[in-house]
Amino acid sequence: MAMTFDFDTAVNRRNTNSYKWDSSEIESDVLPMWVADMDFKTAPCVIDALRARVEHGIFGYVTVPGAYYDAVTGWFKRRHGWNIDRDWIQYTSGVVPAISAILKGLTRPGDKVLVMTPVYNCFFSSIRNNGCTALECPLVYENNTYHIDYGMLEQCASRPDVNIMLLCNPHNPACRVWTVEELTRIGEICRDNNVIVVSDEIHCELVMDGYRYTPFASISPQMQDICITCNSPSKAFNTAGLQIANIITNNPEWRSRIDRAINDNEVCDVNPFGVEGLIAAYTQGEPWLKALCSYIQGNYQEVKTFFEQNLSQLPVTTLEGTYLVWIDCRSTGMTSDEITHLLHDKARVLVNSGTMYGDAGQGFIRLNIACPRSRVTQALSRMLPVLRTLI
């Protein structure tokens, strides 16, 4: 008998110290459709594991057990055909601290770090905080989706001051789940130019029907040799506050340098809830995750149909992965910031401005649809009269 899960019941997150709902700019009548966490309770198996840990009543320093490594390696082998040696895994408190530690360990101040934009905004802060500069290789937007300009990518990768590329796989906010062929071409360009691929794969489980996530390092031994992967169950299971993530690479020298940076940055310790949550998610969470992805796909269809019927001048990017819808508002002639402020002030809906994700995001907005469908439709109905005035 198939298990059923409730994604329709709205959970009140106000007054829970939620960054998404309780930040100072979130007035009580504003719908927050911005920060990338979900408004669903996490999988019941995760809640049960955390409840059992709470009942113990002591929350001291934690050692990470063998079961943790077994859960990570088992999950990626079972679901994605990627064989990971447990010695390749370094745990830390989050994917952003992981990226910062990698940059600290493997770059020098003044280096350029290659990114394909529009891309996750924290890439830019991690690059800047480590004394480096982002080198943007804009993706090409055509027919409501993005593809890679390989000529531009090769030109960027060939620069002598570039030795790392930050890859987003699946890509936030471009909604792409990169194919094996695309990842291979990226890898060939980086390998030929001695560029390390640091692949942020935090959204790897949030993939829509008809698309398949491929771990970059799983493509071939050659790709594994040039790659450092960062992942976490936090996006898929809505556990970002548990502060747990992994850095995975088969290169012992890189691991040593990253380990030093992790300790220098004081992100070497994790908490017992992160450990227990990951083990539960990766050993028992698949049925819930399958239901979640199906529900998010239904929300996306709701948004896509709504815009096609009511705001066809504002194309919705094809959602291959993530729960973050990317909407093309360039036909309004307004900047992303102007549209975002207008939606906040007039529609009382808070979305993300496209310029957060690099210059290539100008004219776009990002809408988080990981919430009950009733909230999605409520946000759309508020946005409609405001956006109609712009077109």
Side-chain angles (χ1 to χ4, degrees), residues 66 68-92 95 98-107 113-116 119-120 123 126 137 148 150 153-154 156-158 162-171 176-205 207 211-233 235-236 245-262 278 282 321:
Y68 177 95
Y69 298 96
D70 292 342
V72 174
T73 58
W75 177 269
F76 283 96
K77 181 176 182 179
R78 183 172 67 251
R79 285 182 58 86
H80 306 298
W82 182 20
N83 292 303
I84 303 169
D85 189 302
R86 62 172 289 167
D87 291 339
W88 301 351
I89 301 172
Q90 296 169 284
Y91 57 81
T92 187
V95 164
I99 290 170
S100 290
I102 293 166
L103 293 177
K104 183 181 181 72
L106 300 179
T107 64
V113 177
L114 177 55
V115 291
M116 297 192 299
V119 76
Y120 179 42
F123 279 10
S126 290
C137 177
I148 300 165
Y150 292 112
L153 185 65
E154 193 156 15
C156 292
S158 67
V162 171
N163 79 316
I164 281 183
M165 173 182 180
L166 292 186
L167 173 67
C168 208
N169 174 40
H171 195 103
R176 285 298 318 277
V177 177
W178 302 116
T179 65
V180 172
E181 293 74 21
E182 288 169 319
L183 294 172
T184 300
R185 186 75 184 103
I186 292 169
E188 289 170 345
I189 290 171
C190 289
R191 181 195 61 200
D192 292 346
N193 290 281
N194 297 313
V195 172
I196 301 166
V197 176
V198 178
S199 189
D200 172 0
E201 303 189 353
I202 196 170
H203 291 277
C204 66
E205 306 304 337
V207 176
Y211 302 95
R212 183 177 179 83
Y213 152 74
T214 301
F216 182 94
S218 74
I219 295 171
S220 69
Q222 294 77 20
M223 296 301 104
Q224 187 162 263
D225 287 345
I226 66 167
C227 181
I228 303 169
T229 302
C230 302
N231 57 36
S232 169
K235 291 297 182 214
N246 295 297
I247 303 168
I248 303 172
T249 178
N250 67 344
N251 188 305
E253 180 191 349
W254 294 350
R255 288 200 303 272
S256 177
R257 292 165 67 177
I258 293 166
D259 183 66
R260 173 63 184 271
I262 287 173
L278 179 144
Y282 280 171

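Keep in mind that what you see is a predicted model, and the values were worked out from it rather than measured. If you read the sequence from its start, that first residue is 1, and numbering goes on from there.
- In this structure, Lys104 NZ and Leu106 CG are separated by 12.0 Å, a value rounded to the nearest 0.5 Å.
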Please list, one pair per line, the donor and acceptor atoms closer than 3.5 Å that link side chains of residues 197-205 to other protein atoms, with sequence neighbours excluded.
| from | atom 1 | to | atom 2 | distance (Å) |
| --- | --- | --- | --- | --- |
| Ser199 | OG | Glu201 | OE2 | 2.7 |
| Asp200 | OD1 | Ile202 | N | 3.1 |
| Glu201 | OE1 | Tyr213 | OH | 2.4 |
| Glu201 | OE2 | Asn169 | ND2 | 3.1 |
| Glu201 | OE2 | Phe216 | N | 3.1 |
| Glu205 | OE1 | Arg79 | NE | 3.0 |
| Glu205 | OE1 | Arg79 | NH2 | 2.9 |
| Glu205 | OE1 | His80 | NE2 | 3.1 |
| Glu205 | OE2 | Trp75 | NE1 | 2.8 |
| Glu205 | OE2 | His80 | NE2 | 2.9 |

Working note: Ile258 + Gln90, criterion side-chain contact (heavy atoms from CB on, under 4.5 Å); need CA distance, chi angles, decisive distance, verdict. CA-CA 9 Å; Ile258 293 166; Gln90 296 169 284; 3.9 Å; yes
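- Applying the side-chain contact (heavy atoms from CB on, under 4.5 Å) criterion to Arg185, with sequence neighbours excluded, gives Tyr150, Glu154, Glu188, Ile189.
- When side chains are defined from C-beta on, Met165 does not count as touching Val113, because their heavy atoms never get closer than 4.5 Å.
- Nearest heavy atom pair, residue Ala261 against residue Gly105, reads CB-N, 3.9 Å.
- Between the CD1 atom in Ile248 and the CH2 atom in Trp88 there is a gap of 9.5 Å [rounded to 0.5 Å].
- With sequence neighbours excluded, the residues forming a ring pair (Phe, Tyr, Trp, His ring centres under 6.0 Å) with Tyr120 are Phe123, listed by chain and number.
- With values rounded to the nearest 0.5 angstrom, Asn194 atom CG is found 12.5 Å from Ile164 atom CD1.
- Partners of Tyr68 under the side-chain hydrogen bond (donor to acceptor under 3.5 Å, both in side chains) rule, at least two apart in sequence or in another chain, are Asn246.
- Taking SG from Cys227 and CG from Leu167, the interatomic distance works out to 8.0 Å, rounded to the nearest 0.5 Å.
- Within the structure, salt bridge (Lys or Arg N to Asp or Glu O under 4.0 Å) pairs that include any residue of residues 219-232 do not occur (at least two apart or interchain).
- Scanning for side-chain hydrogen bond (donor to acceptor under 3.5 Å, both in side chains) contacts around Ser232 gives Ser234, with sequence neighbours left out.
- By the 6.0 Å contact criterion, CZ on Arg86 is enclosed, its count of non-hydrogen atoms from other residues, nucleotides or ligands being greater than 12.
- Using modelled atom types, one side-chain atom of Asn251 and one backbone atom of Glu253 make a donor-acceptor pair closer than 3.5 Å.
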Between Ile262 and Ile247, does the side-chain contact (heavy atoms from CB on, under 4.5 Å) criterion hold? Intermediate values first, please. CA-CA 11 Å; Ile262 287 173; Ile247 303 168; 3.8 Å; yes
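- The backbone N or O of Cys168 sits less than 3.5 Å from a side-chain atom of Trp178, completing a donor-acceptor pair.
- To the nearest 0.5 Å, the span separating CG on Leu166 from CD1 on Ile196 amounts to 11.0 Å.
- Side-chain contact between Thr107 and Asn163 is present, with heavy atoms from C-beta onward closer than 4.5 Å.
- Scored by the side-chain hydrogen bond (donor to acceptor under 3.5 Å, both in side chains) test, Arg212 finds no partners at all (sequence neighbours excluded).
- Inter-residue side-chain proximity for Met223 and Arg191 is flagged as met; some heavy-atom pair is nearer than 4.5 Å.
- Ile226 approaches Cys190 most closely through the heavy-atom pair CD1-CB, 4.3 Å.
- When the ring pair (Phe, Tyr, Trp, His ring centres under 6.0 Å) test is applied to Trp254, no partner is found at least two apart in sequence or on another chain.
- For Glu181, the side-chain contact (heavy atoms from CB on, under 4.5 Å) criterion is met by Thr179, not counting sequence neighbours.
- Annotation: side-chain contact (heavy atoms from CB on, under 4.5 Å) contacts of Ser256 (sequence neighbours excluded): none.
- In this structure the side chain of Asp70 never reaches within 4.5 angstrom of the side chain of Tyr282, judged on heavy atoms.
- Asp87 pairs by the side-chain contact (heavy atoms from CB on, under 4.5 Å) definition with Asp85, not counting sequence neighbours.
- No donor-acceptor distance shorter than 3.5 angstrom exists from the side chain of Arg176 to the backbone of His171, with no hydrogens or angles considered.
- Note that CD1 of Ile102 and OG1 of Thr92 are 9.5 Å apart. Values are rounded to the nearest 0.5 Å.
- Annotation: side-chain hydrogen bond (donor to acceptor under 3.5 Å, both in side chains) contacts of Ser100 (sequence neighbours excluded): Ser126.
- When side chains are defined from C-beta on, Trp82 does not count as touching Thr73, because their heavy atoms never get closer than 4.5 Å.
- Side-chain contact check for Cys137 versus Ile148: every heavy-atom pair is 4.5 Å or farther apart.
- Side-chain contact between Cys156 and Val162 is absent, with no heavy atoms from C-beta onward closer than 4.5 Å.
- Taking 4.5 Å as the limit, some side-chain heavy atom of Thr249 sits within range of a side-chain heavy atom of Arg255.
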